[in-house]
Amino acid sequence: MISRNALNFSGGPGALPETVLAQVEAAIKEVPEVGLSILGISHRSDWFAAVVEETENNIRTLLGLSEDFHILFLQGGATQQFSMVPMTLLRGQKHAAEYLDTGYWSSKVVTEARREGPVKVLWSGESCGFNRLPTDDELDFSPDAPYLHYVSNETVEGLQFQRVVGRDDVPRVCDMSSDFLSKPCDANKFSVIYAHAQKNIGPAGVTIVLVHDTVVKASSDELPTFLNYRRQVESHSNLNTPPVFAIYVVLLVTRWLLNDVGGLENMAQTNRHKAELLYAMLDNSDGFYKGWSSKEDRSQMNVAFKLPDETLEQKFLAESHEAGFSGLAGHRAIGGIRASIYNALSLPAAEKLTNFMDDFLRHNRK
């Protein structure tokens, strides 16, 4: 019997691995090494310093990250990084930073960046309803741009880059909030990678930021201390009271990825299998289930689709909830259905959803 926790297809916060949930349950009462609840352990304790260090090392190992990068555990979500990046790299610049506008979240990033300096939207998917990503032929990057920013995976529309874009001589900045640690990533090609935790790597409250040393050195003392990468690095993510609980859960998830899953290539293989199951259902439904994104740009994290009409969509949601599934309603921006299949969503859970979809199709096809 698969639990309702294991059938959580929410776009975020997403599911956590069952083994991690069990460890978290125990830690809320008492962390074995400390004898205190995780909710009451000091952020200035030696134990927590060791948690931060191990979590950093685990992320570095999973990604093969060079020593030129600092790993930060910050607050404010990805939304704070929408501003923190241009505050550091764009403020006072003459040339425009380049942004790709590929969906709901990309649009929000652009709005915040424009508060700090000139921005050029190099490509926008607005005219095509954000149902595809740009090809290489559509992108003409400037060597003078202070940086390029893009979102690796658009959770709302279900679009995902399967390649690294941009110039090697221009800093790349990427919001990887919804596919961070879901597959191998050539992280060393970027200057900043940021990802809030509540998709693949933990609960809401902490944002992981990988920041190259050149960016850290570019941080101006005119910035507020809390928004200064260099000051955050100097404090070792402990400038103010950090979210101890959320960071501890990230540690447990990284241990799970390393020890139980066996690394990001294995994780990617499982994620591919889950996505293939669901997309095959869409493709073989004779249009009953209509995917939002173009086939070549399909996300392996978020499968967004429509049914023939809203009445059927509401029936689908009601019956799926009754069957034990959670979080399948599409984002308010586009409606429809969305199955988010983040790391902790198991292959058996994806199989169960596929079987439900097949049964719903057979009973509701007109």
Side-chain angles (χ1 to χ4, degrees), residues 6 8-9 12 14-21 23 54-69 71 73 133 150-155 158-166 168 172 174-202 207-210 212 249-280 293 295-303 339-351 353-354:
N8 180 7
F9 289 82
L16 286 170
E18 292 283 354
T19 56
V20 169
L21 283 175
Q23 293 173 79
E54 183 185 346
T55 310
E56 289 178 358
N57 291 337
N58 288 353
I59 292 172
R60 198 177 296 278
T61 299
L62 285 163
L63 292 172
L65 196 64
S66 80
E67 294 297 326
D68 295 329
F69 283 83
I71 300 174
F73 303 101
L133 297 174
Y150 67 98
V151 176
S152 59
N153 182 77
E154 292 282 4
T155 59
L159 294 163
Q160 186 178 31
F161 279 98
Q162 304 300 335
R163 68 193 194 280
V164 174
V165 298
D168 289 337
R172 293 182 181 94
C174 194
D175 177 353
M176 294 189 184
S177 290
S178 52
D179 61 357
F180 187 65
L181 300 187
S182 70
K183 60 179 181 177
C185 164
D186 197 349
N188 295 297
K189 287 189 173 182
F190 295 82
S191 293
V192 180
I193 292 173
Y194 60 90
H196 58 60
Q198 63 265 28
K199 308 292 187 185
N200 283 303
I201 48 178
T207 301
I208 290 83
V209 182
L210 315 182
H212 194 271
V249 179
V250 172
L251 169 62
L252 298 180
V253 171
T254 60
R255 286 176 177 171
W256 173 75
L257 284 168
L258 283 167
N259 303 324
D260 295 11
V261 176
L264 296 188
E265 186 53 60
N266 288 347
M267 191 72 259
Q269 184 176 354
T270 299
N271 287 333
R272 282 194 296 270
H273 288 166
K274 292 183 293 186
E276 286 166 359
L277 280 173
L278 291 169
Y279 285 123
S293 61
K295 289 186 178 181
E296 56 269 25
D297 298 319
R298 283 173 165 173
S299 169
Q300 293 181 6
M301 296 283 96
N302 311 94
V303 181
S340 295
I341 46 177
Y342 301 130
N343 284 355
L345 200 287
S346 69
L347 185 58
E351 291 170 343
L353 177 59
T354 303

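Since this is a predicted model, take the numbers as computed values, not measurements.
- One distance of note links CG of Asp186 with CZ of Arg163; it measures 15.0 Å at 0.5 Å rounding.
- The shortest heavy-atom contact between Phe161 and Leu133 is N-CD1, 3.5 Å.
- One N or O on the side chain of Gln160 and one on the backbone of Gln300 form a donor-acceptor pair closer than 3.5 Å.
- Applying the side chain to side chain contact (heavy atoms under 4.5 Å, CB included) criterion to Leu16, with sequence neighbours excluded, gives Leu21, Val249, Val253.
- The two atoms that bring Leu278 and Ala350 nearest to each other are CD2-O, 4.4 Å, heavy atoms only.
- For the residue pair Tyr342 and Gly12, the shortest heavy atom distance occurs at CE1-N, 4.3 Å.
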Quiz: residues 261-269 side-chain donor-acceptor pairs under 3.5 angstrom, not counting sequence neighbours:
residue, atom, partner, partner atom, Å
Glu265, OE2, Arg272, NH2, 3.4
Asn266, ND2, Val261, O, 3.0
Asn266, ND2, Gly262, O, 3.4

Next on the checklist: Show, in sequence, the C-alpha distance, side-chain angles and deciding distance for Ser182 and Met301, and conclude whether the side chain to side chain contact (heavy atoms under 4.5 Å, CB included) test is met.
Outcome noted: CA-CA 8 Å; Ser182 70; Met301 296 283 96; 3.7 Å; yes

Next on the checklist: Leu277 vs Leu347, test: side chain to side chain contact (heavy atoms under 4.5 Å, CB included). Steps then yes/no.
Outcome noted: CA-CA 9 Å; Leu277 280 173; Leu347 185 58; 3.7 Å; yes

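- Taking the six-membered ring where the residue is Trp, Phe190 and Tyr150 present tilted rings, their angle falling between 30° and 60°.
- Minimum heavy-atom separation, Leu210 to Leu63: CD1-CD1, 3.7 Å.
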Checklist entry - Phe9 and Leu345: side chain to side chain contact (heavy atoms under 4.5 Å, CB included), yes or no, with the steps? => result CA-CA 7 Å; Phe9 289 82; Leu345 200 287; 3.6 Å; yes

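- In this view, Phe73 satisfies the ring pair (Phe, Tyr, Trp, His ring centres under 6.0 Å) rule with no residue, not counting sequence neighbours.
- Contact annotation: the side chain of Leu181 never approaches that of Asn200 to less than 4.5 Å [non-hydrogen atoms, C-beta and beyond].
- Not a single ring pair (Phe, Tyr, Trp, His ring centres under 6.0 Å) links Tyr279 to another residue, sequence neighbours left out.
- In this structure, the separation between CG on Leu251 and CZ on Arg255 is 4.0 Å, given to the nearest 0.5 Å.
- Of the possible polar contacts, one joining the Ser293 side chain to the Gly158 backbone as a donor-acceptor pair under 3.5 Å is found.
- In summary, the side chains of Ser340 and Asn302 do present a donor paired with an acceptor at a separation below 3.5 Å, with no hydrogens or angles considered.
- To the nearest 0.5 angstrom, Lys199 atom NZ is 16.0 Å from Met176 atom CE.
- Ile193 CD1 to Ser177 OG: the interatomic distance, rounded to the nearest 0.5 Å, is 11.0 Å.
- Partners of Gln198 by side chain to side chain contact (heavy atoms under 4.5 Å, CB included), not counting sequence neighbours, listed by chain and number: Pro13, His196, Ala204.
- Side-chain contact between Leu353 and Ile341: absent, with no pair of heavy atoms (C-beta onward) separated by less than 4.5 Å.
- Glu296 is not listed as a side-chain neighbour of Gln162, based on a closest heavy-atom distance of 4.5 Å or more.
- Phe69 pairs by the ring pair (Phe, Tyr, Trp, His ring centres under 6.0 Å) definition with His212, not counting sequence neighbours.
- For the residue pair Ala6 and Ala349, the shortest heavy atom distance occurs at O-CB, 3.4 Å.
- Expressed to the nearest 0.5 Å, how far CG of Leu62 lies from SG of Cys185 amounts to 11.5 Å.
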Item to check | Worked verdict on Lys183 versus Asn271 for side chain to side chain contact (heavy atoms under 4.5 Å, CB included) | outcome: CA-CA 8 Å; Lys183 60 179 181 177; Asn271 287 333; 5.9 Å; no

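- Closest heavy-atom contact between Ser66 and Asn188: N-OD1, 2.9 Å.
- In this structure, Arg172 contributes its side chain and Val165 its backbone to a donor-acceptor pair below 3.5 Å.
- Atom CD of residue Glu54 and atom OG1 of residue Thr254 lie 6.5 Å apart, to the nearest 0.5 angstrom.
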